[in-house]
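I have placed the structure first, in the form of structure tokens, so that the comments after it can refer back to it.
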Amino acid sequence: MADYDVQADVAVIGAGAAGVAAALEAGGAGATIALVEQADTLGGTAAISGGGCCLVGTPLQDSKGIHDTPELAFEDWVKCGQGEADEQWARYYIDHSLHDLYFWAEKLGARWVELQEMEGNSVPRWHRPANNGLGLMTAFINAMKSQGKTRVLVGSTADRLLLDNGRVCGVRSVDAKTGQPTEVHSKTVVVASGGFNSNLELVLEARPELKGFRVMEGSGPGAIGLGHRLLRELGGYFTHMENISFYVYATPDYRDPEAKRGLVFRGTPGYIWVNQQGRRFHDESRNGAPSATPALLRQNPPHAWAIVDAAMTGNMQVADPYYRDGDKIRRDKVQELLDQSPYIRKADTLRELAQKIEVDVPVFLEEVEAYNKAFDAGLKREPRFGKPLGPCNKFDTPPYRAIQLFPLARKNLGGVKTDMRCRVLNAHFEPIPGLYAAGELAGMAGGHINGKAGLEGTMMGPSLFSGRVAGGWAAHEAGFGPGFIGKTAPAGW
Ligand SMILES: Cc1cc2nc3c(=O)[nH]c(=O)nc-3n(C[C@H](O)[C@H](O)[C@H](O)COP(=O)(O)OP(=O)(O)OC[C@H]3O[C@@H](n4cnc5c(N)ncnc54)[C@H](O)[C@@H]3O)c2cc1C
């Protein structure tokens with residue numbers, strides 16, 4: 001072993017949700033860990049995420065009078081997955097979400113502060129932690145540091161898995177600044193390198209029918225599929241790769257010199273979406289991936305314009321660190337986007353706006369008029385698509401704006417197939433010795449825990465959970481602890 005090499009019981013690649021959870025679990029079992037992270041900081045996509053987790057039967061739900069059960073959640077989950085969810089993993093996660101995620105996170109210093117209802121859920125289950133994903137990951141990273149079992153190598157990209165007689169026994173990583181390679185020698189390896197939605201080439205490889213249209217990158221900077229390559233080289237079996245969660249309400253990031261990245265925005269419930277012909281095509285309040293994404297992808301071309309008036313942008317939020325200060329929205333930055341983005345057009349009249357975005361002017365004006373009439377008639381829902389009008393206003397306050405929307409690749413719902421211990425499986429569904437995978441690389445857990453679409457909060461939650469499972473079993477195989485056991489809900493709950 002060279003001077004610069006590292007010895008550990010368990011090596012973990014990637015310090016996002018799954019990697020940090022794996023390190024915590026393996027460290028708790030008594031193993032030493034080497035955690036290799038390509039970025040200069042820890043946290044991954046998880047730290048810039050909303051941090052929302054789908055959790056079932058929690059004290060926060062109870063405090064709001066919401067009765068939820070694993071059975072109800074499982075039913076919603078499987079329905080949302082449209083026949084493609086891994087039911088065994090879904091059941092495993094749901095049954096453990098109260099004790100092994102909600103209470104576990106609290107014990108490590110995180111706080112669950114808000115509950116929201118998301119499309120496809122019978123009851124509100126999307127739990128937001130204080131300070132979003134950053135708050136959650138800060139608590140976990142601090143806990144990992146206090147545990148004192150993990151040696152962290154930052155700015156170091158894993159580029160090869162080490163093998164000994166067909167068994168994975170470590171990882172080689174390369175320092176981004178010096179090019180210096182380091183070999184981590186370990187008994188087992190957990191790969192938790194996230195998804196690939198910040199690598200357009202891989203997105204289009206998984207969804208070739210979208211080649212020729214504009215599609216935006218929308219995950220964290222490290223989500224470029226490097227871990228996918230490492231696992232493919234060793235024969236890892238990938239499944240459900242075409243299941244990518246695209247967001248509809250996203251516009252190109254004009255600050256990105258290549259304009260490949262997209263910005264997701266929320267807080268504009270009054271908006272309508274029109275296609276390039278000037279027609280509405282969907283109930284905009286149902287903006288989740290299960291229904292809104294297929295609706296957008298059916299348009300020709302598959303893009304749209306979100307139409308807002310001045311009043312509707314008052315609470316607009318942009319899901320990107322540049323537009324936030326922790327929990328607070330930077331209104332000045334949101335205004336900067338509205339004023340400066342070439343993908344946002346502004347006009348004093350609706351007719352002028354329609355001309356600027358080159359849609360069919362009479363069709364567009366008819367759509368807006370029909371929408372406005374529903375308010376004049378005091379309707380609770382507009383008649384075209386049944387959108388509830390409660391939180392909305394009519395279009396009457398210039399200037400009007402049109403924000404250009406393109407599908408944004410956000411989350412990989414497919415990935416490498418693993419067993420229930422997170423051992424990576426090959427094409428014959430046999431474990432590759434010594435090798436584990438968790439998080440988005442494994443379609444959040446097991447390969448495809450969500451299926452075709454997810455209920456929201458079903459990415460962070462399962463990534464953390466599968467990280468714990470992988471860490472527990474990787475430590476066990478290395479000679480530490482009983483493997484991941486966790487605690488399910490009591491019978492009859
Ligand atoms: C803006 C945004 C908001 C989101 N909000 C939510 C939400 O509210 N709820 C929800 O459920 N999901 C949300 N998601 C999705 C969620 O954040 C991810 O699914 C989750 O973070 C995946 O966890 P992970 O550990 O697998 O990957 P990550 O958190 O991406 O961590 C992977 C880490 O691996 C590192 N890495 C990659 N390759 C290598 C290599 N070769 N060597 C070393 N290190 C490497 C990366 O740099 C990264 O740090 C959101 C995503 C985005 C982009």
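We count ligands from 1, going down the list as the structure has it; atoms in each ligand are counted the same way. Both backbone and side-chain heavy atoms feed into the values below; hydrogens, waters and symmetry mates do not. Here the structure is a predicted model, which is why all the values come from computation and not from measurement.
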For this session: From atom 9 (N) of ligand 1, work out which of G52, A17, P221 has a heavy atom at the shortest distance.
Result: G52
Exercise. Do E440 and ligand 1 have an N or O pair less than 3.5 Å apart?
Worked result: yes
Problem set entry | Whether A192 lies under 4.0 Å from ligand 1, heavy atom | yes
Exercise. Going by distance alone, is a donor N or O of one side chain under 3.5 Å from an acceptor N or O of the other, for T58 and H127?
Worked result: yes
Seminar exercise, completed: Looking only at heavy atoms, the pair that brings P70 and D95 closest together is CB-OD1, 3.6 Å
Problem set entry | Distance-only side-chain donor-acceptor flag, D175 / S156, under 3.5 Å | no
For this session: Tell me, with the steps shown, if R421 and D419 meet salt bridge (charged side-chain N to carboxylate O under 4.0 Å, His left out).
Result: CA-CA 5 Å; R421 295 183 176 193; D419 66 7; 5.9 Å; no
Exercise. Is a side-chain donor-acceptor pair under 3.5 Å present for H282 with E284?
Worked result: no
Exercise. Do you see a donor-acceptor pair shorter than 3.5 Å between the side chains of E336 and Y322?
Worked result: yes
Exercise. Would you call R207 and E242 a salt bridge, using N to O less than 4.0 angstrom?
Worked result: no
Exercise. Does ligand 1 have an atom that lies less than 4.0 angstrom from a heavy atom of G457?
Worked result: yes
For this session: Could you say whether the N/O atoms of A46 and ligand 1 ever approach to under 3.5 Å?
Result: yes
Exercise. Do A18 and ligand 1 have an N or O pair less than 3.5 Å apart?
Worked result: yes
Problem set entry | Proximity to ligand 1 by part of M444, non-hydrogen separation under 4.0 Å | side chain
Exercise. What is the nearest protein non-hydrogen atom to atom 11 (O) of ligand 1, stated with its residue, atom name and distance?
Worked result: M460 N, 2.7 Å
Exercise. Mind checking whether G220 has an N or O less than 3.5 Å away from an N or O of ligand 1?
Worked result: no
Exercise. With the threshold set at 4.0 Å, does a side-chain nitrogen-carboxylate oxygen contact exist between D100 and R468?
Worked result: yes
Problem set entry | From the candidates Q116, K411, M459, E217, the one that places a heavy atom nearest atom 14 (N) of ligand 1 | K411
Exercise. Considering only heavy atoms, does Y247 approach ligand 1 within less than 4.0 Å through its side chain, its backbone, both, or neither?
Worked result: neither
Exercise. Is there any N or O on G50 that sits under 3.5 Å from an N or O of ligand 1?
Worked result: yes
Problem set entry | E37 N/O to ligand 1 N/O under 3.5 Å | yes
Problem set entry | T157 and D159 side chains, donor-acceptor separation under 3.5 Å | no
Exercise. Going by an N to O cut-off under 4.0 Å, is there a salt bridge joining R331 and D325?
Worked result: no
For this session: Provide the number and element of each atom of ligand 1 under 4.0 Å from a heavy atom of I13.
Result: 40 (C), 42 (N), 43 (C)
Exercise. Quick check: does G439 get an N/O under 3.5 Å from an N/O on ligand 1?
Worked result: no
For this session: Report, in ascending order of atom number, the atoms of ligand 1 lying under 4.0 Å from any heavy atom of W126.
Result: 8 (O)
Exercise. Which protein non-hydrogen atom lies closest to atom 53 (C) of ligand 1, naming both residue and atom, and how far is it?
Worked result: G218 O, 3.4 Å
For this session: Identify, for atom 34 (O) of ligand 1, the protein heavy atom at the shortest distance, and state residue, atom and that distance.
Result: G14 CA, 3.2 Å
For this session: Please say whether A319 places an N or O atom under 3.5 Å from an N or O atom belonging to ligand 1.
Result: no
Exercise. Is S463 touching ligand 1 with its side chain, its backbone, both, or neither, if touching means heavy atoms under 4.0 Å apart?
Worked result: side chain
Exercise. Is any NZ, NE, NH1 or NH2 atom of the basic residue among K187 and D9 found under 4.0 Å from an Asp or Glu carboxylate oxygen of the other?
Worked result: yes
For this session: Determine, for E87 against R91, whether the closest basic-nitrogen to carboxylate-oxygen distance falls under 4.0 angstrom.
Result: no
Exercise. Which ligand 1 atoms, with their elements, are less than 4.0 angstrom from a heavy-atom of G222?
Worked result: 37 (C), 47 (O)
Seminar exercise, completed: T157 heavy atoms within 4.0 Å reach ligand 1 at atoms 41 (N), 42 (N)
Exercise. Checking ring pair (Phe, Tyr, Trp, His ring centres under 6.0 Å) for the pair Y343/W305: CA distance, chi angles, key distance, verdict?
Worked result: CA-CA 10 Å; Y343 303 96; W305 296 91; 9.0 Å; no
Problem set entry | For atom 31 (O) of ligand 1, closest protein heavy-atom neighbour | G16 CA, 3.2 Å
Seminar exercise, completed: In this structure, atom 27 (O) of ligand 1 is nearest to the protein heavy atom G194 CA, 3.3 Å
Problem set entry | Heavy atom of the protein closest to atom 38 (N) of ligand 1 (residue, atom name, distance) | S193 CB, 3.5 Å
Exercise. Passes side chain to side chain contact (heavy atoms under 4.5 Å, CB included), L204 versus L210? Steps please.
Worked result: CA-CA 6 Å; L204 295 176; L210 294 174; 3.9 Å; yes
Exercise. Run the salt bridge (charged side-chain N to carboxylate O under 4.0 Å, His left out) check on R125 and D76 step by step: do they pass?
Worked result: CA-CA 11 Å; R125 300 194 174 99; D76 290 346; 2.8 Å; yes
Problem set entry | Test item: side-chain donor near acceptor, N197 and E217, under 3.5 Å | no
Exercise. Short N/O distance, under 3.5 Å, between G227 and ligand 1?
Worked result: no
Problem set entry | Non-hydrogen atoms of I449 and W77 that approach each other most closely | O-NE1, 2.8 Å
Exercise. Has ligand 1 got any nitrogen or oxygen that is less than 3.5 angstrom from a nitrogen or oxygen of Q38?
Worked result: yes
Seminar exercise, completed: Logged contact type for T45 with ligand 1, heavy-atom cut-off 4.0 Å, is both
Problem set entry | Residue portion contacting ligand 1 (non-hydrogen atoms closer than 4.0 Å) for S156 | backbone
Problem set entry | Close-contact set for ligand 1 against I48 heavy atoms, below 4.0 Å | 1 (C)
Exercise. Between T458 and ligand 1, which residue portion shows a heavy-atom distance shorter than 4.0 Å: side chain, backbone, both, or neither?
Worked result: backbone
Problem set entry | atom 41 (N) of ligand 1: the protein heavy-atom neighbour that sits closest, reported with distance to 0.1 Å | A158 O, 3.1 Å
Exercise. Going from CZ on R324 to CD1 on I329, what distance comes out if it is rounded to the nearest 0.5 angstrom?
Worked result: 5.5 Å
Problem set entry | Protein contact to atom 4 (C) of ligand 1 [nearest heavy atom, distance to 0.1 Å] | S49 CB, 3.2 Å
Exercise. Do you see a donor-acceptor pair shorter than 3.5 Å between the side chains of S291 and E119?
Worked result: yes
